[in-house]
Amino acid sequence: MKRLLCICLAGLLAIALVGCGTIAPEEAHESVQTFAMDTVMIFSAYGEGGTKATLAAEAEVQRLDALLSRTREDSEISRVNATTGAPTRVDPEVAGLIEESLAVHSATGGYFDITLAPVSDAWGFTKDAHRVPSQSELDALLGIVGMERMSWGNGEITLSPGMAVDLGAIAKGYASDRVADIFRMNDIPSGMVSLGGNVWVCGGKPDGTPWRVAIQDPKQSDGYAGVLSLRDCFAVTSGGYQRFFEENGKTYHHIIDPATGYPAESGLTSVTVVSAESGALCDALSTALFVMGEEKALDFWRSGPYDIELVLVTADDRVVVTDGLRDVFEEMGESGYTYEIVR
Ligand code: AMP
Ligand code: MG
């Protein structure tokens, strides 16, 4: 019988932040917690504008949830997905995300694909009704999905019958970008935003030291694989442990390999992407690089077009940290991992 093992509702890095002994949200000048995009979100802000900024942040993520949700029938995404076979004009904000998704799809050689929605549905991840689809079912779905099959131009999308888009791998990162804008507009000197595995730290801590962002150990929910000391940075983690089910002793997670239609088995158990630039980009890339696996992810980091740094946790108990994080990454003693810095 199928057994739901875990639906991760809470922000992994947020838990870690508190667990790592950084300031607890309740000690912050202002802290708001809300539930949106299927996850717990926390906004903490110091300074005079803290109340205004955190309340505006909450309203903004709820607005984005209503726009981008795949499961809410009244969302823009649901409207787009209901209009197959003919071009339909898309809300400009959604259009921007589709264009960014196309760019990441192309830059990653197709590992990032927002049209995998029918495949995720077949695995029951969309409605938490998990099942293992048959090979013939997956083969049929792989014949209709793929961003190269959707047509896009002048703000209009055309999806063939059976196709659907899902911005779940980029939406929380995009929301963190919007919240960062709100914090900046309100001159917040110090703060922290955690949207279920998507973290943005604003400035440093009020005492002037960097924020400490912990990376969850994919093997144990109360352990850490490492800690990053960051200022003004996005850090986004994708991991197979975040949403999964078990059937007949095998574990199936929610990040799909577009080549097979199966949960990606790349030898990685989590990927954290760090960048000062864009939460949406970190979010999309953490998903794509998880599917790519260690070797291709590191090649992408070395030669790719983006200014990012990575922490890769592997199934054979290594934590691989890219050189740009050398001075801000802290190993966890007795975690059972061996640590490598790569260039
Ligand atoms: P994340 O948690 O950001 O890694 O995103 C995972 C979510 O994105 C899943 O729950 C799916 O809705 C969707 N997804 C799964 N696999 C992919 C993929 N290869 N490319 C883009 N989106 C994906
Ligand atoms: Mg993602």
Side-chain angles (χ1 to χ4, degrees), residues 2-20 37-42 111-112 116 119-120 123-126 128-132 166 168-173 194-199 213-228 235-257 260 262-274 282-294 297 310-321 329 331-332 334-339:
K2 289 185 289 226
R3 189 157 62 95
L4 171 66
L5 284 181
C6 164
I7 297 175
C8 178
L9 296 176
L12 300 157
L13 292 168
I15 291 170
L17 274 163
V18 176
C20 265
M37 298 182 173
D38 238 4
T39 195
V40 174
M41 301 188 168
I42 302 167
Y111 285 98
F112 184 79
L116 288 170
V119 178
S120 296
W123 287 95
F125 282 114
T126 316
D128 289 337
H130 303 120
R131 59 189 274 275
V132 178
D166 172 7
I170 190 170
K172 288 198 282 284
S194 174
L195 319 182
N198 289 243
V199 166
V213 178
I215 296 170
Q216 188 181 319
D217 181 351
K219 290 191 299 189
Q220 47 179 353
S221 57
D222 57 351
Y224 308 128
V227 180
L228 292 162
V236 178
T237 299
S238 282
Y241 63 90
Q242 291 172 334
R243 195 179 271 258
F244 63 93
F245 68 98
E246 196 184 88
E247 190 167 302
N248 295 329
K250 196 165 163 32
T251 299
Y252 301 94
H253 61 73
H254 69 310
I255 305 176
I256 306 291
D257 183 343
T260 63
Y262 264 77
E265 289 193 44
S266 66
L268 294 177
T269 51
S270 87
V271 171
T272 299
V273 178
V274 179
C282 287
D283 192 359
L285 289 179
S286 66
T287 307
L289 270 51
F290 181 91
V291 185
M292 272 188 196
E294 178 182 353
L310 309 176
V311 179
L312 311 178
V313 184
T314 72
D316 61 357
D317 294 339
R318 290 173 300 116
V319 179
V320 180
V321 181
F329 182 83
E331 299 178 6
M332 298 303 284
E334 297 179 16
S335 64
Y337 288 102
T338 55
Y339 292 87

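With hydrogens and angles disregarded, no donor-acceptor distance shorter than 3.5 Å links the side chain of His254 to the backbone of Trp123. Side-chain atoms of Asp257 do not come within 3.5 Å of backbone N or O of Val291 as any donor-acceptor pair. Distance alone, capped at 3.5 Å, is enough to place a donor-acceptor pair between the Thr269 side chain and the Val313 backbone. Remark: the backbone N or O of Phe290 is paired with a side-chain donor or acceptor of Ser266 at under 3.5 angstrom.
Under the 3.5 Å distance criterion, with hydrogens and angles disregarded, no donor-acceptor pair is assigned to the side chains of Tyr241 and Thr237.
Residues Ala235 and Val274 come closest through the heavy atom pair CB-CG2, 4.2 Å. Across all their heavy atoms, Asp283 and Gly173 have their closest contact at OD2-N, 2.9 Å. Phe112 approaches Ala284 most closely through the heavy-atom pair CD1-O, 3.4 Å. Residues Thr314 and Tyr337 approach most closely at O-CE2, 4.4 Å, considering heavy atoms. Contact record, Gln242 with Ser238: OE1-CA, 3.7 Å, taken as the closest heavy-atom pair. Heavy-atom minimum distance, Leu116 versus Ile256: CD1-O, 3.8 Å.
Here the CD atom belonging to Glu294 is positioned 7.5 Å from the CG atom belonging to Asp316, to the nearest 0.5 angstrom. One finds the OG1 atom of Thr251 at 4.5 Å from the CD atom of Glu246 (value rounded to the nearest 0.5 Å). Atom CG of Leu312 and atom OG of Ser286 lie 11.0 Å apart (nearest 0.5 Å). Note that OG1 of Thr272 and CG of Leu228 are 7.0 Å apart. Values are rounded to the nearest 0.5 Å. How far CG of Leu310 is from CG of Leu285: 8.5 Å, rounded to the nearest 0.5 Å. Atom OG1 of Thr39 is separated from atom CZ of Arg243 by 8.5 Å, given to the nearest 0.5 angstrom.
Checked against salt bridge (charged side-chain N to carboxylate O under 4.0 Å, His left out), Glu265 has the following partners two or more places apart in sequence or in another chain: Lys250. For Gln220, the side chain to side chain donor-acceptor pair (under 3.5 Å) criterion is met by Asp217, not counting sequence neighbours. Not a single salt bridge (charged side-chain N to carboxylate O under 4.0 Å, His left out) links Asp222 to another residue, sequence neighbours left out.
Proximity of Pro263 to Phe244: side-chain heavy atoms (C-beta onward) are nowhere separated by under 4.5 Å. Side-chain contact check for Lys219 versus Asp317: some heavy-atom pair is nearer than 4.5 Å. Between Asp128 and His130 there is a side-chain heavy-atom pair separated by less than 4.5 Å. Side-chain contact between Tyr252 and Glu247: present, with at least one pair of heavy atoms (C-beta onward) separated by less than 4.5 Å.
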Which is it for Met332 and Tyr339 under the side-chain contact (heavy atoms from CB on, under 4.5 Å) test, yes or no, and what are the steps along the way?
CA-CA 9 Å; Met332 298 303 284; Tyr339 292 87; 3.8 Å; yes
Yes or no on side-chain contact (heavy atoms from CB on, under 4.5 Å) for Ile255 and Tyr111, after CA distance, side-chain angles and deciding distance?
CA-CA 10 Å; Ile255 305 176; Tyr111 285 98; over 6 Å; no
